Protein chains: 2
Amino acid sequence: MSQVNPDHPLQIRLAMPRDVPVILELIRELAAFEKEPEAVRATVTDLHRDGFGPVPRFHVFLADWLGVSVGFALYCYNYSTWEGHHGIHLEDVYVRPEYRGRGIGRRLLSKVASVAVVEGCPRLEWNVLDWNNPAIDFYQGMGAQISPDWRIMRLTGEALCRLSERCD
Amino acid sequence: MSQVNPDHPLQIRLAMPRDVPVILELIRELAAFEKEPEAVRATVTDLHRDGFGPVPRFHVFLADWLGVSVGFALYCYNYSTWEGHHGIHLEDVYVRPEYRGRGIGRRLLSKVASVAVVEGCPRLEWNVLDWNNPAIDFYQGMGAQISPDWRIMRLTGEALCRLSERCD
């Protein structure tokens, strides 16, 4: 349990290894919110290895409200060959429904944006569902721009194996 | 100049620091092909630092045809909180127009897919322009799937600064 700040109920802080269980809880809640509760195969072991090993694969900010973690932002890095610099890819941002409307989401995003600025990253990027108009409005209100003509392609499972010529 | 393989004119190999100038040339050609020739601000210094430093920000496969680099695939890593594993994000794949139709693009993609399989990555992802039907058909022919309802959001420049609360 983190220290409660006497001046403000909300604290945004970098996650530590002991936070892995609550990060996984929040990941599962986000998946349930996206109507995919069964989609999360990640385990505590995975998140320990990938978030807190010698070369972290992701980074997490937690939002603590009166000492309880009620939201998170998880990001990793990408690369722009046009800019010649790494950028930030925000993978997840989530606030528990009962804690919304307090500016917690914006504070989480602001913290990730400050990492981008400090590291000289020219871009902060993330994906959004095209029917999620409240989210799009919120992001556009912060000055974010949607790329109308880019789509995401994904190769997984059997097709990935076939292309790799590494599987039977 | 790389060794010419006597058995086959095409060789796919990992790029080395000495390849940075040709990688930058190929990045510029790709930008021109995408009708954005002025968009590339990356320099040789940037690519050396970010691709070949102690913690590489990206990795490159080069396609050499009779010892000349005629195409490249540049990738970095992302993270799936559902899978609990890192994945591969393919940022650029490009073959010089006069060398197309020889299966070079597919061989480059196959090499990146083999990295995904060897590292246990469940996903290989990349972005495509929604009007680029030949590319979409090509990718779908390999078994890739398009995500119809996800869009990419991006925050840059002034708006990124404002959100970060780190700029004047």
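Below, read A as the first sequence line, B as the second, and so on, with proteins coming before strands; counting in each chain starts at 1. This is a predicted model, so every value here is computed, not measured.
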Query raised in the report: Non-hydrogen atoms of chain A under 4.5 Å away: do they reach the side chain of B/Leu74, the backbone, both or neither?
Result: side chain
Query raised in the report: Less than 6.0 Å separating the ring centroids of B/Tyr139 and B/Trp126?
Result: yes
Report summary line: chain A shares the most heavy-atom pairs under 4.5 Å, among B/Ala159, B/Ala39, B/Gly143, with B/Ala39
Requested in this report: Report yes if some heavy atom in the side chain of A/Phe61 is under 4.5 Å from a heavy atom in the side chain of A/Val115; otherwise report no.
Outcome: yes
Query raised in the report: Given a strict heavy-atom distance threshold of 4.5 Å, which part of B/Phe58 is in contact with chain A: side chain, backbone, both, or neither?
Result: side chain
Requested in this report: Please determine, among B/Asp149, B/Ile146, B/Val118, the option with the most heavy-atom pairs under 4.5 Å with chain A.
Outcome: B/Asp149
Query raised in the report: Most heavy-atom pairs under 4.5 angstrom with chain A, which of B/Pro122, B/Ser110, B/Ala116, B/Gly87?
Result: B/Ser110
Query - B/Asp50 side chain vs B/Leu47 backbone, donor-acceptor pair below 3.5 Å - result: no
Query - Proximity breakdown for B/Gln145 and chain A, heavy-atom pairs closer than 4.5 Å - result: both
Query raised in the report: When heavy-atom pairs shorter than 4.5 Å are enumerated against chain B, which of A/Leu109, A/Asp92, A/Thr156, A/Thr81 gives the highest number?
Result: A/Thr81
Report task. Select one option (side chain, backbone, both, neither) describing which atoms of A/Glu83 are under 4.5 Å from chain B's heavy atoms. Result -> both
Requested in this report: Pick whichever of A/Val128, A/Val117, A/Asn132 has the most heavy-atom pairs under 4.5 Å with chain B.
Outcome: A/Val128
Query raised in the report: Between the main-chain N or O of A/Val95 and the side-chain N or O of A/Arg100, is there a donor-acceptor pair closer than 3.5 Å?
Result: yes
**Report entry** Leading residue by heavy atom contact count with chain B [cutoff under 4.5 Å; candidates A/Arg41, A/Met142, A/Lys111]
**Finding:** A/Arg41
Report summary line: Whatever's closer than 4.5 Å to a heavy atom in chain A on B/Arg28 counts as neither
Query raised in the report: Centroid-to-centroid, A/His59 to A/Tyr75, below 6.0 Å?
Result: yes
Requested in this report: Hey, could you give me the CG/CG distance between A/Leu66 and A/Leu10, rounded to the nearest 0.5 Å?
Outcome: 9.5 Å
Report task. Would you kindly check if the NZ (Lys) or CZ (Arg) of A/Arg102 is within the cone defined by 45 degrees around the ring axis of A/Trp65 and under 6.0 Å from the six-membered ring centre? Result -> yes
Query raised in the report: Cation-pi between A/Arg57 and B/Tyr77: NZ/CZ under 6.0 Å from ring centre and within 45° of the ring axis?
Result: yes
Query raised in the report: Without hydrogens or angle criteria, can the side chains of B/Glu125 and B/Asn78 be said to hold a donor-acceptor pair below 3.5 Å?
Result: yes
Requested in this report: Please flag which part of B/Thr43 lies under 4.5 Å from any non-hydrogen atom of chain A: side chain, backbone, both or neither.
Outcome: neither
Query raised in the report: With chain B, which of A/Leu160, A/Leu129, A/Val40 has the greatest number of heavy-atom pairs at distances under 4.5 Å?
Result: A/Leu129
**Report entry** Contact leader toward chain B among A/Ala113, A/Cys161, A/Pro148, A/Gly157, where contacts are heavy-atom pairs under 4.5 Å
**Finding:** A/Ala113
Query raised in the report: With a distance cut-off below 6.0 Å to the six-membered ring centre and an angular limit of 45° from the axis, does A/Arg107 pair with A/Tyr99 as a cation-pi contact?
Result: no
Query raised in the report: Can you say whether B/Glu38 sits under 4.5 Å from chain A via the side chain, the backbone, both, or neither, judging by heavy atoms?
Result: neither
